[in-house]
Amino acid sequence: MAKPIILWAAEALLPEGWAKAVRVEIAAGRVAKVTAGAAPDGTRVDVLLPAMVNLHSHAFQRAMAGMTERRGPDPRDSFWTWRRLMYAFLDHLTPDDVEAIAAFVQMEMLEAGYGAVAEFHYLHHQPGGMPYTNLAEMSERIVAAAVETGIGLTHLPVLYSQGGCDGRALGPGQARFGNEFDRFVRLREAAGRAMADLPADAVLGLAPHSLRAVSREGVAQAVALAPDAPIHMHLAEQVAEVEELQASYGARPTEWLLANHAVDARWCLIHATQMLPEETLGLAKSGAVAGLCPITEANLGDGIFDGVRYLGAGGRFGVGSDSNVRIALAEELRSLEYSQRLAEKGRAVLASPERSTGRVLYEGAVAGGAQAAGRASGAIAVGAWADLMALDGNHTDLIGREGDAVLDAWIFAGDDRMVAEVWSAGRHLVSAGRHARHDAITARYRTTLAALRGRM
Ligand code: NGQ
Ligand code: ZN
């Protein structure tokens, strides 16, 4: 077996709280031993944290970041007009493009301090909807990107079968996503085989896209397919979606889901923005993770998650970069808190008397992200995958700060330039803020984007 890796941190956030002079031993990708008050040893870092899981990404959307900020012909631009542009954009993408974009965005995630990503993958087929010769071609490209970047991957092949919850056919922009359940099962199996190239921390889950894109039967079949796998679904993001579901099912999305499925800790509900108080409390009690994507939700004009009520009821949450319009972990957490302050007209609304805002946000999202990804990480604890991140204590905003104040300074005053080192399941991928393959991955992304712009 490989020699254990030794880290030593001036300060570290452990499950029992902050500790000084912490020595961490990593063996076979997992935390093997943690000792506080230890003499300096091995690789020295300043502030060691469990690394975050990015619980929701559509990798390809990274390449359209910043391209949808103009008014269109519609009287009102919205999520739905954005979605049309997104469909038009993705129709140009080849498997090579997807691999290059995915590698680039995974590299950015790692450099931002994420150790893993749950990729909600629905771009399966050729333009027009014909499958590739290899049904799981696009899944293989996501996997290949993860092999290159080393990011911890929870791959979520997406079931997408209809154009709306009345069961209408897929729209022309949705042809590349579509599978009936049987073909989806084969696609997911093929994706699982492709994942043999990944290290042992990789996870295969599944994702019925939404109650709009999957019928009641489809959701039930997906739930039964892999009873232990993480299951993710978009839920209650937009007002029009709530209205559509009420018209078809006579219930609101979260209300319907909680009444018809045994929603529990293996579920991750993405957005959960449009909920009535009873729905918020019901979701909090279920043990599922609310997958919040604050930067994207602001960009798309979704609305504001009822966070104070949800966290007050013990609800679990994590964060995702979703549309990948911006990869920024500190900003993702800050945006979440600021949305709550603006809604509540108060400050530090998620903090508790014992724990600062930054601490509540970070510890909550790191645990929820790991749960949602089906990944044994989210804490610097013996037996967990060594998903670790270190902040640079020499940064000006961290002068003289310790404990919770470090997290508050990073999240509210700083940004991801403070992220110095990242390990994913013991793989040391980011050093001094840069991914080991930063230049090669960036060069390929440049070439890919230039060619793509030429074709559009
Ligand atoms: C997606 N994104 O699957 O990329 C969706 C848009 C839809 C967000 N919901 C498509 N943010 O929901 O129909
Ligand atoms: Zn999404």
Side-chain angles (χ1 to χ4, degrees), residues 54-65 67-68 77-91 93 98 101-102 105 117-125 138 142 154-166 168-179 205-215 218-219 230-245 253-254 268-274 289-305 318-327 332 335 369 372-373:
N54 179 353
L55 61 61
H56 190 69
S57 157
H58 311 289
F60 74 86
Q61 291 178 17
R62 174 64 180 87
M64 57 179 281
M67 288 174 63
T68 59
D77 278 68
S78 68
F79 173 89
W80 308 99
T81 59
W82 167 83
R83 195 174 77 154
R84 283 209 301 275
L85 297 175
M86 192 267 281
Y87 289 169
F89 172 79
L90 67 81
D91 239 24
L93 298 175
V98 166
I101 298 164
V105 77
V117 63
E119 176 66 22
F120 195 104
H121 172 71
Y122 64 90
L123 181 56
H124 300 304
H125 308 311
M138 287 295 205
I142 300 292
T154 291
H155 186 54
L156 303 166
V158 171
L159 174 62
Y160 200 118
S161 308
Q162 61 186 23
C165 61
D166 56 2
R168 78 187 89 116
L170 296 175
Q174 299 163 333
R176 301 188 75 176
F177 320 153
N179 289 293
L206 80 173
H209 180 276
S210 55
L211 295 176
R212 290 173 280 120
V214 182
S215 68
V219 175
I231 186 161
H232 289 218
M233 185 165 75
H234 293 116
L235 190 76
E237 181 177 11
Q238 283 281 319
V239 173
E241 172 186 345
V242 176
E243 290 167 353
E244 194 186 325
L245 212 85
T254 308
C268 178
L269 287 324
I270 307 302
H271 307 302
T273 313
Q274 309 298 334
V289 173
L292 309 177
C293 309
I295 294 175
T296 295
E297 288 157 9
N299 183 269
L300 298 180
D302 286 339
I304 299 175
F305 180 72
V319 291
S321 59
D322 191 2
S323 68
N324 297 325
V325 64
R326 189 162 155 70
I327 305 301
E332 206 71 76
S335 302

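Note that ligands are numbered from 1 as they come in the structure, with each ligand's atoms numbered from 1 the same way. Note that the structure is a prediction, hence the values are computed from the model and not measured.
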Next item on the list: Determine the minimum heavy-atom distance between Q238 and L300, stating which atoms define it.
Entry: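 That would be NE2-O, 4.1 Å.
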Check: Where do L55 and G291 come nearest, in terms of heavy atoms and distance?
Finding: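 Scanning both residues completely, I find the closest heavy atoms to be CD1-CA, 3.5 Å.
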Give the atom numbers and elements of ligand 1 that come within less than 4.0 Å of a heavy atom of [X].
X: F79; value: 6 (C), 7 (C), 8 (C), 9 (N), 11 (N), 12 (O)
X: L300; value: 11 (N)
X: Y122; value: 1 (C), 3 (O), 4 (O)
X: Q61; value: 4 (O)
X: M86; value: 4 (O), 6 (C)
X: R212; value: 7 (C), 12 (O), 13 (O)

Notebook entry, point to check: Relative to ligand 1, is I270 under 4.0 angstrom through side chain, backbone, both or neither, heavy atoms considered?
Noted result: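 Neither; nothing of I270 gets under 4.0 Å from ligand 1.
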Looking only at distances, can you tell me whether any N or O atom of [X], backbone or side chain, sits closer than 3.5 Å to an N or O atom of ligand 1?
X: Y160; result: no
X: Y87; result: no
X: W82; result: no
X: T296; result: no

Margin query: Angle between ring planes, F60 versus H58, binned at 30° and 60°: parallel, tilted or perpendicular?
Written below: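 Rings of F60 and H58: tilted, as their planes differ by 30° to 60°.
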Next item on the list: Go through the structure and list residues passing ring pair (Phe, Tyr, Trp, His ring centres under 6.0 Å) with H125, not counting sequence neighbours.
Entry: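 Not a single residue meets the ring pair (Phe, Tyr, Trp, His ring centres under 6.0 Å) criterion with H125.
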Considering only protein heavy atoms, which is closest to [atom], and at what distance to one decimal place?
atom: atom 10 (C) of ligand 1; result: R83 CD, 3.5 Å
atom: atom 9 (N) of ligand 1; result: E237 OE1, 2.5 Å
atom: atom 3 (O) of ligand 1; result: H209 NE2, 2.7 Å

[Y] ring center within less than 6.0 Å of [X] ring center:
X: H232; Y: H56; answer: no
X: H209; Y: Y122; answer: yes
X: H124; Y: Y160; answer: no

Item checked: Criterion side-chain contact (heavy atoms from CB on, under 4.5 Å) on L90 and M64, from CA distance to verdict -> CA-CA 9 Å; L90 67 81; M64 57 179 281; over 6 Å; no
Checklist line | 2.8 Å shell around the Zn ion (ligand 2), exclusive bound, protein N/O/S atoms | finding: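 Near the Zn ion (ligand 2), the number of protein N, O or S atoms below 2.8 Å is 4.
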Is there a side-chain contact between [X] and [Y] in this structure, where contact means two heavy atoms from C-beta onward sitting under 4.5 Å apart?
X: E241; Y: F79; result: no
X: M233; Y: L269; result: yes
X: S323; Y: I295; result: no

Next item on the list: With side-chain hydrogen bond (donor to acceptor under 3.5 Å, both in side chains) as the test, would you mind laying out the steps for N324 and S321 before giving the verdict?
Entry: CA-CA 5 Å; N324 297 325; S321 59; 2.5 Å; yes
Next item on the list: May I ask which of H271, Q238, H234 has a heavy atom nearer to atom 5 (C) of ligand 1 than the others do?
Entry: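 Selected option, by shortest heavy-atom distance: H234.
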Note to self: Checking Q174 against R83 for the side-chain contact (heavy atoms from CB on, under 4.5 Å) test, could you report, in this order, the C-alpha distance in whole Å, the side-chain angles of both residues, the deciding distance, and whether it holds?
What the structure shows: CA-CA 10 Å; Q174 299 163 333; R83 195 174 77 154; 3.8 Å; yes
